[in-house]
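Bear in mind that the values here come from a model prediction, so they are computed numbers and not experimental data. The figures here come from the full heavy-atom set of this structure, side chains too, leaving out hydrogens, waters and symmetry mates.
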Amino acid sequence: MAEKRDFYEVLGLKKGASESEIKSAFRKKAMKYHPDKNPGDKNAEEKFKEVNEAYGILSDPDKKNKYDKFGHAGVDPNAGFGGFGGGGFGGGFGGGAGGFEDIFDMFGGMFGGGGFGQRRKNAPMKGRDLQKGITITFEEAAFGTKKKITLNKYVKCEPCNGSGAAPGSSKVTCQNCGGSGETRTTQRTPFGQFQSVTACEHCEGAGKIVDKPCNECAGTGKVRKEVTMSVDIPAGVDNDSVISIKGQGEPGINGGPFGDLYLAITVKPHQLFKRKGQDLWLEMPVSFAQAALGDELVVPTLDEKVSYSIPAGTQPETVFRLKGKGIKSLRSNKMGDLYVKVILEVPTKLNSKQKKMIEELGNALTNDSYSKKKTFADTMKDLFK
């Protein structure tokens with residue numbers, strides 16, 4: 001069995017990558033190797049599984065912490081010492097199946113024929129994970145929404161209920177291996193007698209065979225079908241967020257659980273608002289008169305309009321905050337804030353009367369009328385005395 005690649009390497013990242021970097025890398029890789037984009041490509045299918053496995057570990061803080069400390073052994077429940085989860089050696093030697101058998105698994109490959117290290121094919125295995133991209137509006141991301149999506153995927157065959165056997169019949173125990181899925185051979189060597197285990201050729205390691213295959217699925221237990229489902233998008237998702245939907249992947253093998261569905265979110269930009277985490281930013285134009293004299297502004301938010309008074313003498317690019325008018329956090333009910341930046345709008349089309357009035361105003365104003373201009377003038381005097 002090939003050695004597992006480093007999960008950071010799988011996603012094209014360096015150790016210590018942030019949560020957002022892991023999400024973004026997963027989305028790109030999953031899109032690249034998605035089976036729908038690479039039909040019939042076994043290599044792409046394996047890469048897709050590898051990418052999903054890596055993301056499943058690195059996106060979970062607890063699993064990521066164990067992986068960073070112990071590598072694959074820290075997150076593999078089938079590791080020889082219980083994935084370091086049982087405290088020292090306790091997880092490795094307690095409870096029979098996870099104990100001495102795992103130790104022999106590590107040495108099996110040394111004696112040929114696949115040995116004990118080969119996973120039995122009749123063991124339950126989780127179904128394939130799926131990935132789907134979905135585009136939503138800025139408002140849908142902020143408030144949450146329900147969307148219908150369509151997937152072309154394998155589902156459990158209904159006539160045979162996923163068994164692969166024709167209705168009215170069932171799988172039968174393989175006579176060659178007695179249902180174990182394994183055949184054992186004994187070898188004499190200078191070091192003593194060793195026993196090797198290989199998958200049964202007759203049932204391909206499954207332990208059972210389909211005597212009368214189901215006509216609908218040809219004995220596979222699953223059929224490809226277009227499925228439409230409704231999914232909930234929680235309030236607060238951001239661009240490049242990935243949502244995991246348990247059990248909506250493809251059917252498992254030998255009674256294993258269904259795979260999961262990963263939704264990769266793309267959020268359309270808004271005409272007015274920019275998002276920074278849970279906060280919103282808005283640039284709002286005001287006239288010279290509003291900035292100089294102060295005014296009551298009508299400020300748009302995502303769901304309503306609110307009033308805000310700016311004081312007389314408000315300077316360009318002044319930023320004021322509207323608390324709680326941002327976006328809800330994904331992990332709590334805490335709301336972000338709305339930050340409004342004042343943009344002074346200078347008139348570009350003036351008639352002769354308006355120009356004359358502005359000239360008169362300019363002549364009437366002195367340096368003392370401005371705070372920054374007065375300070376600048378005083379500094380100039382000190383420099384050129």
Side-chain angles (χ1 to χ4, degrees), residues 1-4 35 40-43 45-46 48-50 53 72 76-80 82-83 92 95-129 154-157 159-224 249-259:
M1 184 178 289
E3 185 178 348
K4 278 189 178 182
D41 188 337
K42 291 293 183 183
N43 183 54
E45 184 176 335
E46 290 303 316
F48 183 71
K49 290 179 182 178
E50 189 180 42
E53 182 184 15
H72 292 296
D76 184 2
N78 297 314
F100 290 106
E101 186 176 324
D102 289 338
I103 303 300
F104 288 119
D105 283 347
M106 290 191 286
F107 293 99
M110 297 171 61
F111 304 106
F116 294 93
Q118 203 173 45
R119 177 178 288 184
R120 288 173 52 176
K121 290 189 178 181
N122 61 355
M125 288 189 290
K126 182 182 177 183
R128 189 177 71 161
D129 293 332
Y154 281 106
V155 299
K156 186 165 67 174
C157 176
C160 68
N161 197 31
S163 70
S169 67
S170 60
K171 288 184 177 181
V172 296
T173 301
C174 174
Q175 297 299 314
N176 189 54
C177 64
S180 68
E182 302 170 340
T183 55
R184 298 172 182 266
T185 57
T186 303
Q187 292 177 298
R188 293 183 181 275
T189 74
F191 301 100
Q193 184 171 295
F194 291 96
Q195 191 177 66
S196 63
V197 181
T198 57
C200 174
E201 294 182 358
H202 191 60
C203 65
E204 296 183 342
K208 292 188 177 183
I209 59 175
V210 177
D211 192 31
K212 296 179 181 179
C214 170
N215 291 330
E216 183 73 16
C217 64
T220 63
K222 57 185 181 180
V223 292
R224 199 162 186 85
E250 294 188 341
I253 300 171
N254 298 322
F258 278 72

Set of residues satisfying side chain to side chain contact (heavy atoms under 4.5 Å, CB included) with respect to Asn161, sequence neighbours excluded: Lys156
Glu46: side chain to side chain contact (heavy atoms under 4.5 Å, CB included) partners, not counting sequence neighbours: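 Counting only residues at least two positions away or on another chain, Glu46 forms a side chain to side chain contact (heavy atoms under 4.5 Å, CB included) with Lys49.
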Polar side-chain atom of Glu250 near backbone of Tyr154 as donor-acceptor pair, under 3.5 Å: yes
Between side-chain atoms of residues 209-223 and protein atoms elsewhere (two or more places apart, or another chain), which donor-acceptor pairs fall under 3.5 Å?
residue: Thr220; atom: OG1; partner: Cys217; partner atom: O; Å: 2.9
residue: Thr220; atom: OG1; partner: Lys222; partner atom: N; Å: 3.4
residue: Thr220; atom: OG1; partner: Lys222; partner atom: O; Å: 2.9

Set of side chain to side chain donor-acceptor pair (under 3.5 Å) partners for Ser163, sequence neighbours left out: none
Counterpart residues, side chain to side chain donor-acceptor pair (under 3.5 Å), relative to Glu45 (two or more places apart):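 Result, side chain to side chain donor-acceptor pair (under 3.5 Å) vs Glu45: none returned.
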Pair Cys203-Cys177, side-chain contact (heavy atoms from CB on, under 4.5 Å): steps then yes or no: CA-CA 8 Å; Cys203 65; Cys177 64; 3.8 Å; yes
Interatomic distance, Glu182 atom CD to Asn176 atom CG [nearest 0.5 angstrom]: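 Output value for this atom pair is 12.5 Å.
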